[in-house]
There are 2 protein chains.
Amino acid sequence: MNSFKEIISQEEAEQQCPQSYVMALTDTMNVISGKWKLPIIASLLKGKNRFKDLLENIEKITPRMLSKELKELEMNSIIARKVYDQTPVLIKYELTASGESLADLIDVMIDWGLTHRNNVL
Amino acid sequence: MNSFKEIISQEEAEQQCPQSYVMALTDTMNVISGKWKLPIIASLLKGKNRFKDLLENIEKITPRMLSKELKELEMNSIIARKVYDQTPVLIKYELTASGESLADLIDVMIDWGLTHRNNVL
DNA sequence: ATTAATACTATACAAAAGTATATTAATATT
DNA sequence: AATATTAATATACTTTTGTATAGTATTAAT
């Protein structure tokens, strides 16, 4: 893929970058925005898979928010809800390939945050 | 830097990643979250530097939101407001080094968005 | 039969984010 | 003197996001 800046300079005549890039960026923002999405994804990366584990692992989240966010993440194909038909029933939330790959984005975000802090101080 | 997943496995005993990483991630989220921050940064990368240019370049943004967001981005050292004391006065918003470096994060986000769309379809 | 655990949902509310519309202050143009 | 341009700010409002608290359904344990 070309970089954003290259695309920009290539497309100066139109003064626009491709619509597919704008949509891709919007998709990514929608997936990670809000207070709880990244904490949930981080917890799942840590192997916390059950509703109760997540409730305990994520400070101050309420069951209502956890339920709501899990549903959204499932709709966006970031996680999959697996029902294991045992007694008692076991429910696990697992990251999809897309979800797992967010770890790389998280790395870049952490990296930027650390560098930015150095720049500013 | 180590990756998020490596850190996680290294620190399984504590079941936590370093607080500095959590803060760095929160910083990054604060800088880019909301409806207008990335469009503004993208416009500045395109060389749209004046209030009016930005108003025209960013579809549907109101002067109120542009003014508010520019102030926040300035407070976060992502942009600098430069006053050129000509007549008429010229005001330019310019990306700082931190601001420019967000282009790389934007690239990664676009890349993730494109790949995710392929995964899902 | 009572209590507890898991995995939620319902209702009401508060706070944050964003929108719509009007207005301002300084200067320049006609 | 009236109008236009640039760079905003003010006020009121709506929408979205998040919180607080309580309750439900299923199953298991005592």
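Convention: sequence-line order gives letters A, B, ...; per-chain numbering from 1. Small disclaimer: the values here were computed from a predicted structure and weren't measured.
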Could you pull out the closest heavy-atom pair between [X] and [Y], with the gap in Å?
| X | Y | answer |
| --- | --- | --- |
| Ser98(B) | Ser77(B) | CB-O, 3.9 Å |
| Ile61(A) | Leu54(A) | CG2-O, 4.5 Å |
| Asn57(B) | Ser43(B) | OD1-OG, 2.9 Å |
| Ile32(B) | Met29(A) | O-CE, 3.5 Å |

Give the angle between the helix axes at the two ends of the helix from dA1(C)-dT30(D) to dT30(C)-dA1(D), taking five base pairs at each end and rounding to 10°.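 Roughly 10° between the end axes, to the nearest 10°.
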For [X] and [N], give me the distance from atom [atom1] to atom [atom2], rounded to whole Å.
| X | N | atom1 | atom2 | result |
| --- | --- | --- | --- | --- |
| Ile91(A) | dA25(D) | CD1 | P | 16 Å |
| Glu69(A) | dG18(D) | CD | P | 6 Å |
| Ile61(A) | dA7(C) | CD1 | C1' | 14 Å |
| Met65(B) | dC13(D) | CE | P | 19 Å |
| Ile40(B) | dA17(C) | CD1 | C1' | 14 Å |
| Leu55(A) | dC8(C) | CG | P | 10 Å |
| Ile58(A) | dT19(D) | CD1 | P | 12 Å |
| Leu90(A) | dT26(D) | CG | P | 18 Å |

Could I get the full list of salt bridge (charged side-chain N to carboxylate O under 4.0 Å, His left out) partners for [X], not counting sequence neighbours?
| X | answer |
| --- | --- |
| Glu74(A) | none |
| Lys71(B) | none |
| Lys92(B) | none |

Quick test of your reading: applying side-chain hydrogen bond (donor to acceptor under 3.5 Å, both in side chains), list the pairs with at least one residue in residues 27-38 of chain A, sequence neighbours left out, ordered by first then second residue.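 Sorted pair list: Asp27(A)-Arg117(B), Lys37(A)-Glu72(A).
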Transitive ILVMFWY cluster of Tyr84(B) at side-chain heavy atoms under 4.5 Å: who else is in it?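 Same cluster as Tyr84(B): Leu90(B).
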What are the residues of residues 26-38 of chain B, sorted by number, that bring a heavy atom to within less than 4.0 Å of DNA chain C?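 Heavy-atom cutoff 4.0 Å gives Gly34(B), Lys35(B), Trp36(B).
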Return the residues of residues 70-79 of chain A meeting this criterion: a heavy atom under 4.0 Å from some atom of DNA chain C. Order them by number, or give none.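 Heavy-atom contacts with DNA chain C come from Lys71(A).
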Residues forming a side chain to side chain contact (heavy atoms under 4.5 Å, CB included) with Pro63(B), sequence neighbours excluded: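 Pro63(B): side chain to side chain contact (heavy atoms under 4.5 Å, CB included) contacts with Phe51(B), Leu55(B).
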With ring pair (Phe, Tyr, Trp, His ring centres under 6.0 Å) as the rule and sequence neighbours excluded, what pairs involving residues 99-121 of chain A come up?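 Every ring pair (Phe, Tyr, Trp, His ring centres under 6.0 Å) pair that includes a residue of residues 99-121 of chain A, provided the two are not neighbours, is Trp112(A)-His116(A).
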Each nucleotide of nucleotides 20-30 of chain C classed B (base within 4.0 Å of a protein heavy atom), S (only sugar-phosphate) or -, in 5' to 3' order, makes B------SS--
Please determine whether residues Ile91(B) and Met75(B) belong to a single hydrophobic cluster, defined as Ile, Leu, Val, Met, Phe, Trp and Tyr linked transitively by side-chain heavy-atom distances below 4.5 Å.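 Each belongs to a different hydrophobic cluster.
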Which residues pass the side chain to side chain donor-acceptor pair (under 3.5 Å) test with Thr96(B), sequence neighbours left out?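 Not a single residue meets the side chain to side chain donor-acceptor pair (under 3.5 Å) criterion with Thr96(B).
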